[in-house]
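Structure, as structure tokens:
Computed over heavy atoms, backbone and side chain alike; hydrogens, waters and symmetry mates excluded. To find a chain, count down the sequence lines: A is the first, B the second, and so on, and within it residues start at 1.
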Amino acid sequence: MLYQAPRGTNDILPEDWPYWRHITATIERLAGLYGFEHIDTPIIEVTELFERGAGAGADVMVQKEMYTLEDNGGVSLTLRPEFTAGIMRAYLEHGMKVKPSPVKLYSMGPIFRQERPQAGRYRQHTQWNVEALGEIDPAVDFEVMSIAYSLFAELGFQDLAFQINSIGCPNCRPAHIAALVEYFSGHRSRLNEIDLRRLEINPLRLLDSKEEAMQGLIEDAPRSIDYLCDECREHFAALRGYLDAAGLSYTVNTLLVRGFDYYTKTVFEVWAEGIGAQAAVCGGGRYDGLIELLGGPPTPGIGFGSGIERQILTLKAQGIVPPPLPAPRVQVSYIGRGEIGQQAKQAAVSLVSDLRAAGIGAVLPFGDRSLKSQLKSANRADVAFVVIIGEGELASGQFTVRDLTDSQQQPVDRAAVVAWLQERLP
RNA sequence: GUGACCAUAGCUCAAUCGGCGGAGCACCUGGUUGUGGCCCAGGAGGUUGUGGGUUCGAGCCCCAUUGGUCACCCCA
């Protein structure tokens, strides 16, 4: 094989397209229903935008996983590893703060991270991203979670686990972090090398440890919800009230955290069964500090990203079949040798054009193959009717129309074929 | 970045101890001068991922490399 798709990238083949269309069509419909507006930002941004968003501790790793290039003017650009930073930039650049709050936006498109591929994790993957900016009301948290919930419900997912947590804000989180550090420092001997590093760099991440021996320790670790300030506690309680009122089932998962510092208050994920270790099919949270970090005025925001490829893995794992794509229902076949064959072929080309102009999907066999071969193809393509044009049909002006479902055929006047088929096709 | 397993036809897989690379499915043609599905016959399709090494001889053994799968790290 001379060329292969680069590591971690995938071709979306025709047989997978029904899944993509099903998901994206559902997303478009829900966006209209919820009042989220579509925004597309560039796939490349100035590298600094993503670096500033990352925060201390994580920045080295973040840089390592970004696809960064220098343009001819010496400007460092990066293929977006996430949506949020670019959306925030556009929000600031276009002065969207003057729009009624919250500004509700969604995007869909590829993102790039230079990671080792594994099940449900690719270097180029596609995300549906939703953001609501400029409003602190916990009802906005509910709104954002609700549209994700609706998508998964409409797609027919079973056994999804909605996980929520509150990790507090710059006022109350330091006390929780300090308690975590103190707690785990008292059990240093039970931490492996990786967890010891987490203790130094990002103590919250200790709660994510997959180390078997750590699980008991983690269960008894200080919980963020026990350290929330009044504002954060009330926010979380109100959000839970809205979720309960709307009947959205969820689990409070006190071990759910985020890797980056700018997250505040609400964090949530949705987990799917049967798609491997990368089970989060949706992840998001509130980031009231991010826009300030990027040089804008204090602006609250909440959003999530949801990987389309993982959604498709989930659909397949659960045996959910997407609706079929529209396909041509009519084939126009031509037969005969020499001059007559040419006339038949021309009549077929003409009829196919008429059918398509009338909105009837039609295909023409190529290569002057035998009728048998043409019917074989029609059968495989799941065509409903085959119009046959040969010497007899040219002479009589009546084309033969064969119904493939019952194998009956009959002559139809050339001028009446389009209407005849229109009547019988849904 | 770390580790394990893997790579033979478009797909799923065989190939005995290192001894002439096969099957099923799919595709094309024919069996019927112009009639699909089922059946039968035939055909096409391969530098065994790539490069090197050992050997009289390598799909098989060794090294490297690329890619895949899965997990870890990380997770925006």
Side-chain angles (χ1 to χ4, degrees), chain A residues 1-10 13 15 45 49-55 57-66 78 80-88 111-122 125 127 129 192-195 197-198 201-202 204-205 208-211 257-263 269 275-280 283-285 287 290 303-305 307 331 333-338 340-341 344 365 367 369-394 400-409:
Chain A
M1 198 76 65
L2 202 50
Y3 296 112
Q4 294 171 282
R7 161 166 267 185
T9 67
N10 293 105
L13 298 174
E15 44 270 39
E45 296 275 0
L49 179 68
F50 298 121
E51 285 174 340
R52 287 187 73 175
D59 53 343
V60 174
M61 181 56 78
V62 160
Q63 279 175 25
K64 212 166 70 178
E65 297 198 351
M66 293 198 303
T78 292
R80 66 180 174 209
E82 56 150 339
F83 271 98
T84 306
I87 310 266
M88 299 303 106
I111 71 168
F112 303 85
R113 296 174 191 174
Q114 206 161 158
E115 302 173 297
R116 196 83 167 251
Q118 83 191 64
R121 164 176 283 189
Y122 312 107
H125 76 274
Q127 274 193 10
N129 187 262
N192 64 16
E193 195 181 329
I194 290 163
D195 288 324
R197 202 172 69 229
R198 285 169 163 153
I201 295 170
N202 198 347
L204 272 180
R205 277 276 151 195
D208 269 346
S209 179
K210 289 173 178 118
E211 193 70 24
V257 297
R258 300 275 84 167
F260 289 154
D261 306 337
Y262 55 74
Y263 279 100
E269 287 185 3
I275 63 170
Q278 305 301 319
Y287 41 81
L290 179 58
F304 67 79
Q331 174 175 299
S333 287
Y334 53 92
I335 40 180
R337 297 185 178 281
I340 287 174
R369 296 185 295 139
S370 67
L371 181 61
K372 176 194 178 81
S373 167
Q374 293 182 42
L375 284 169
K376 218 172 196 171
S377 308
N379 190 55
R380 271 197 311 269
D382 205 26
V383 158
F385 294 96
V386 176
V387 180
I388 300 167
I389 306 172
E391 186 170 11
E393 286 81 2
L394 288 172
T400 301
V401 183
R402 182 177 181 85
D403 183 338
L404 290 194
T405 52
D406 61 9
S407 299
Q408 299 300 301
Q409 58 187 46

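With the 3.5 Å cutoff on both pairing distances, Watson-Crick and G-U pairs in RNA chain B assemble into runs of at least 3 at B:1-7 with B:66-72, B:10-13 with B:22-25, B:27-31 with B:39-43, B:49-53 with B:61-65.
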Give me, pair by pair, the N or O atoms of the protein and of nucleotides 30-35 of chain B that are less than 3.5 Å apart, along with how far apart they are.
from  : atom 1 : to     : atom 2 : distance (Å)
B:G31 : O6     : A:K372 : NZ     : 3.4
B:G34 : O6     : A:E391 : N      : 3.1
B:G34 : O6     : A:G392 : N      : 2.9
B:G34 : O6     : A:E393 : OE1    : 3.2
B:G34 : N1     : A:E393 : OE1    : 2.9
B:G34 : N1     : A:E393 : OE2    : 3.1
B:G34 : N2     : A:E393 : OE2    : 2.8
B:U35 : O2     : A:R402 : NE     : 3.3
B:U35 : O2     : A:R402 : NH1    : 2.8
B:U35 : O2     : A:Q409 : OE1    : 3.2
B:U35 : N3     : A:Q409 : OE1    : 3.0
B:U35 : N3     : A:Q409 : NE2    : 2.9
B:U35 : O4     : A:Q409 : NE2    : 2.8

Quick one: which protein N/O atoms are closer than 3.5 Å to N/O atoms of nucleotides 2-6 of chain B? Pair and distance per line, please.
from : atom 1 : to     : atom 2 : distance (Å)
B:U2 : O4     : A:R116 : NH1    : 2.8

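Looking at residues two or more places apart in sequence or on another chain, you find a side chain to side chain donor-acceptor pair (under 3.5 Å) between A:N192 and A:E211. Applying the salt bridge (Lys or Arg N to Asp or Glu O under 4.0 Å) rule to A:E269 yields the partners A:R258; only residues at least two apart in sequence or on another chain are considered. In this view, A:Q278 satisfies the side chain to side chain donor-acceptor pair (under 3.5 Å) rule with no residue, not counting sequence neighbours. Considering only residues two or more places apart in sequence or on other chains, A:E82 meets the salt bridge (Lys or Arg N to Asp or Glu O under 4.0 Å) condition with none of them. Residues passing the side chain to side chain donor-acceptor pair (under 3.5 Å) test with A:R369 are A:S373, A:S377, sequence neighbours excluded. With sequence neighbours excluded, the residues that form a side-chain contact (heavy atoms from CB on, under 4.5 Å) with A:R7 are A:R116, A:P117, A:R123. Take A:Q409 and apply the side chain to side chain donor-acceptor pair (under 3.5 Å) test, not counting sequence neighbours, and it matches A:R402. Shown here are the salt bridge (Lys or Arg N to Asp or Glu O under 4.0 Å) partners of A:R205, two or more places apart in sequence or in another chain: A:D208. Listed by chain and number, the residues in a ring-ring contact (aromatic ring centres under 6.0 Å, His included) with A:F304 are A:W128 (sequence neighbours excluded).
Comparing A:G8 and A:R258, the nucleotide of RNA chain B nearest to each residue sits closer to the 5' end for A:G8. Along RNA chain B, the nucleotide nearest A:Q118 and the nucleotide nearest A:R198 are compared for position; the residue whose nucleotide lies closer to the 5' end is A:Q118.
The side chain of A:R113 lies closest to B:C75, out of B:C70, B:G67, B:C75. Candidate nucleotides B:A76, B:C72, B:G68 were compared by shortest atom distance to the side chain of A:R7, and B:G68 ranks first.
To the nearest whole angstrom, the two C1' atoms, one in B:G10 and one in B:G34, are 32 Å apart. Taking the C1' atom of each, B:U65 and B:G22 are spaced 29 Å apart, rounded to whole Å.
Scanning atom types as modelled, one donor and one acceptor separated by under 3.5 angstrom connect the side chain of A:R121 and the base of B:C74.
Taking the side chain as every heavy atom from C-beta outward, A:T78 and A:E45 never approach each other to under 4.5 Å.
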